[in-house]
Amino acid sequence: MSAETGLKEVRKRAGLGERRRSMKAGEGLRVCVVGLGYIGLPTASLLGTKGCKVTGVDVRQDVVDTINQGRIHIEEPDLDLLVKSAVNSGKLSASTTPVESDVFVLAVPTPIQSDKQPDVSMVEAAARAIAPWVRKGNLVILESTSPVGTTEDVVARVLREAGHAIGEDVFVAYCPERVLPGRILTELVENDRVVGGVDDASTEVALEFYQSFVRGEVVATDSRTAEMVKLSENSYRDVNIAFANELSMICSEAGISVWEVIRIANRHPRVKILQPGPGVGGHCIAVDPWFIVAGDPANAKLIRAAREVNDRKPHWVIEHVEECAKRVVKPVIACLGLSFKADVDDLRESPAVEIVREIQARNVGELLVVEPHLLSHPDFELVRLDEAVARANIVLVLVDHKQFKRLRRDALNEKILIDTRGLFL
Ligand code: SAJ
């Protein structure tokens, strides 16, 4: 078959301009987004404001109720306004069950188990939940970060078992989210996307959908490649942060400022070292590299080592705090920040939480915990920044929140400063 006849054949199967309705986001397109977390909710509300009729689905009744009142359950700049506007215009509603739609977007969590093996049970549950509602001509997209093969082996398999002919009647593709928490609404539209169908027809249909609302370029490939692209992006960042974290421990032993080393080394035109910190947190970078390791443990040596370096960093910080505490009679430690990174309220996999918990368990001293993004925490009494710093003799910086950057330097005089983020150095 010539390339031209091949493309015609794919387009025919994808039903472009023929039996299938347009998948362009806009008036009349019905979209069902399953999983209303950090990715699903912004995506659902964005599509709502583009004119789609969106049903957001979540297993949590409290999340569904909050959204139906036009409110949000997570912190993300401007998301509250977008959700309010989508709900008030009648374009977004939430439910615990799916509905018939043209496009289904699955954005459910894919955590790792304690043995570092991926858990795709929520993807399977979401695929099973939508299966009875999927009709001929529909597009089903998996956005959750997933081990290579999940789109085919879980989503397409479940839909096939439900009697759908994939690539003929129903189109299935992978399109990973790439947004940075704190910048989700901008990056959702501006970032380039990668789309990979389980067959060429599915790729074509998914391409049409994303190109209609993404301003960045939408790059087409197959589903397994798209899955590996996503895992590679986050593993690349993890490996590079591990380099910075390892360097920070080596420099500390040698009595050299790692921040000065990085600042000067980065003046080399081909060097761009990232920033060390108390460890790597969040639900992505600290998790996704394990999907690659689990898929090929024999070859994924560097990726595994990077995970281990980053996972060891909080323990190194804890030991350092213990040593410093021995130098004062009655240690009072101001712990600045609990979230996994600056300017968010997200505590998932946060090294700051791990460190504070452990120094509390070891009874290292009195702890004054500061987290300006939370009103309260179940395990720690939160203290105001100025009060904590005034009362402490050790200041432990764990997160580089902008509120902390405004702290006057003289407030730190005569205190032991352990600055894991290089905020005051
Ligand atoms: N961190 C450092 N040093 C650095 C950069 C980050 O210690 O120089 C730490 C942060 O403090 C945090 C962790 O790494 O604890 C991860 O933060 P991040 O800002 O690097 O990434 P995430 O987890 O918020 O978002 C990442 C992004 N991936 C990449 O940049 C390759 C985002 O684009 C993805 O969409 C997201 O993962 C995801 O959902 O997969």
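Whatever order the structure lists ligands and atoms in, that order sets their numbers, starting from 1. Basis for what follows: all heavy atoms, side chains included, without hydrogens, waters or symmetry-related copies.
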(message) Looking only at distances, can you tell me whether any N or O atom of N234, backbone or side chain, sits closer than 3.5 Å to an N or O atom of ligand 1?
(response) yes

At under 4.0 Å between heavy atoms, what of I241 touches ligand 1? The answer is side chain

- Item | R421 to ligand 1, any heavy atom closer than 4.0 Å | yes

Original post:
Between H315 and E358, is a side chain to side chain donor-acceptor pair (under 3.5 Å) present by the stated rule, with each step listed?
Top reply: CA-CA 9 Å; H315 303 281; E358 188 58 26; over 6 Å; no

> Is it true that R178 and E143 make a salt bridge, defined as a side-chain N closer than 4.0 Å to a carboxylate O?
Replying inline: no

Report task. Check whether any heavy atom of C284 sits under 4.0 Å from an atom of ligand 1. Result -> yes

Judged by heavy atoms only, the candidate from Q275, K341, R348 nearest atom 7 (O) of ligand 1 is Q275

Kindly confirm or rule out an N or O of E177 lying under 3.5 angstrom from an N or O of ligand 1.
yes

Under 4.0 Å from one or more heavy atoms of E233, ligand 1 contributes atoms 31 (C)

protein heavy-atom neighbour closest to atom 23 (O) of ligand 1 works out as I285 CG1, 3.6 Å

Do any heavy atoms of K230 fall under 4.0 Å from ligand 1?
-> yes

Ligand 1 atoms nearer than 4.0 angstrom to some heavy atom of V179 are 32 (C), 33 (O), 34 (C), 35 (O), 36 (C)

Quick one: do the E371 and H377 side chains pair a donor with an acceptor below 3.5 Å?
no

Ligand 1 atoms nearer than 4.0 angstrom to some heavy atom of P181 are 24 (O), 25 (O)

Heavy-atom proximity to atom 27 (C) of ligand 1 ranks first, among N240, V287, L180, for L180

